[in-house]
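First the structure, in the form of structure tokens, and then the observations on it.
None of the values given here were measured: they were computed from a predicted structure.
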Amino acid sequence: MRKVHFNEDSLEINQYEFQISTIRENPIIHAKDINEACFNTFPYSFVIHSNEIIFIEERYNEAFEEFVKKNNIKISERVDLWKLINEVFLETKFSNEHYEETLKTLAEFGFSKQDIAQIRQKVGELMSGWGGVSWKSDYLGHYDLLLNKKQSFLLLFPKDFYWWSMEIALKNFK
């Protein structure tokens with residue numbers, strides 16, 4: 001069964017991965033309600049209502065790209081802030097200069113070193129060891145965080161965690 005159906009000016013997402021999402025109750029999303037599409041996240045994503053990121057399964061990439069272009073949806077080059085926050089949990093090790101650059105980038109979006117340390121501490125137990133099973137060896141982003149939280153809590157995915165993660169992920173959303 002297809003989880004995503006692309007129509008002329010809307011898309012319908014059935015059985016969305018995260019039950020807390022607003023699209024679980026309203027699976028039809030009109031193009032006019034999509035603030036931006038991001039092709040540089042893994043998997044692809046888009047923002048609705050200026051406060052929620054929705055992820056599209058990789059197998060729908062081509063159809064999603066066509067939908068975005070056909071409906072003149074803004075394409076964003078926005079960085080997945082969770083990718084930057086979570087990179088310390090990857091098995092791939094980066095240079096000290098790379099880590100310093102990451103802290104600088106996060107600071108540009110309002111994160112102090114203390115904020116980053118607190119966020120990493122909050123998700124540390126959840127994300128430690130997850131890098132070894134991530135889809136990409138150099139990418140552990142927002143989707144990975146949510147998926148790991150979902151698997152840790154099974155059906156009891158905490159609503160406050162979902163929206164907390166969205167708030168952090170959208171600090172660089174304009």
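- We find the CD-NZ distance between E36 and K174 to be 10.5 Å, quoted to the nearest 0.5 Å.
- A distance of 11.5 Å separates CD1 in I48 from NZ in K32, rounded to the nearest 0.5 Å.
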**OP:** List the steps and the verdict of side-chain contact (heavy atoms from CB on, under 4.5 Å) for I13 and I56.
**Re:** CA-CA 9 Å; I13 301 177; I56 296 287; 4.0 Å; yes
**OP:** Apply side-chain contact (heavy atoms from CB on, under 4.5 Å) to the pair W163 and I20, showing each step before the final yes or no.
**Re:** CA-CA 9 Å; W163 292 109; I20 303 302; 3.8 Å; yes
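- The CD1 atom of I75 sits 8.0 Å away from the CD atom of E65 when rounded to the nearest 0.5 Å.
- Residue V68 comes nearest to A37 through the heavy atom pair CG2-CB, 3.7 Å, listed as atom of the first residue, atom of the second, then distance.
- Note that OG1 of T102 is 11.5 Å distant from CG of N86, once rounded to the nearest 0.5 Å.
- K150 places a side-chain N or O within donor-acceptor distance of the main-chain N or O of E17, the cut-off being under 3.5 Å.
- By the 6.0 Å and 45° rule, K149 stacks over the aromatic ring of F161.
- At least one side-chain heavy atom of F89 sits under 4.5 Å from a side-chain heavy atom of R120.
- Side-chain atoms of F6 and V4, non-hydrogen and from C-beta on, do get closer than 4.5 Å to each other.
- Checking Y44 against E58 by side-chain atom types alone, no donor-acceptor pair falls below 3.5 Å.
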Original post:
Should Y99 and E87 be marked as a side-chain hydrogen bond (donor to acceptor under 3.5 Å, both in side chains) after you check the CA-CA gap, both sets of side-chain angles, and the distance that decides it?
Top reply: CA-CA 9 Å; Y99 288 123; E87 73 181 15; 5.8 Å; no
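- Checking S165 against H142 by side-chain atom types alone, a donor-acceptor pair falls below 3.5 Å.
- Counting heavy atoms from C-beta on, the side chains of I119 and W164 come closer than 4.5 Å.
- A heavy-atom distance below 4.5 Å is found between the side chains of L145 and L126.
- The closest side-chain heavy-atom distance from I168 to F111 is below 4.5 Å.
- Considering only heavy atoms from C-beta on, E100 stays 4.5 Å or farther from K104 through its side chain.
- Taking the six-membered ring for Trp and the full ring otherwise, F64 and F46 have centroids separated by under 6.0 Å.
- Between the N172 side chain and the V79 main chain, a donor and an acceptor come within less than 3.5 Å of each other.
- Between L170 and R78, the closest side-chain pair of non-hydrogen atoms falls below 4.5 Å.
- In this structure a side-chain-to-backbone donor-acceptor pair under 3.5 Å is missing from S45 to T41.
- Minimum interatomic distance between F42 and Y139 (heavy atoms only, all atoms of both residues): N-OH, 3.3 Å.
- Taking CZ of F173 as the reference point, atom CG of N51 lies at 9.0 Å (rounded to 0.5 Å).
- Y60 and K3 make their closest contact through OH-N, 2.9 Å (heavy atoms, listed as atom of the first residue, atom of the second, distance).
- In terms of hydrophobic clustering, with Ile, Leu, Val, Met, Phe, Trp and Tyr side chains grouped at heavy-atom distances under 4.5 Å, L11 and I28 are assigned to different clusters.
- Residue G110 comes nearest to D115 through the heavy atom pair O-OD2, 3.6 Å, listed as atom of the first residue, atom of the second, then distance.
- Summarising the geometry of S10 relative to F67, their closest heavy-atom pair is O-CE1, 3.4 Å, with the distance given to 0.1 Å.
- Remark: the backbone N or O of T22 is paired with a side-chain donor or acceptor of E52 at under 3.5 angstrom.
- Interatomic distance, CD1 of I23 versus CD1 of I29, reported as 4.5 Å (0.5 Å rounding).
- Looking only at distances, a side-chain donor or acceptor of N40 sits under 3.5 Å from a matching main-chain atom of E77.
- Counting only distance, with no hydrogens or angles, the side chain of Y16 and the backbone of F55 share a donor-acceptor pair below 3.5 Å.
- The minimum heavy-atom distance linking P27 with N14 is given by the pair CB-OD1, 4.4 Å.
- In this structure, Y143 and I53 have side chains that are not in contact, with every pair of non-hydrogen atoms separated by 4.5 Å or more.
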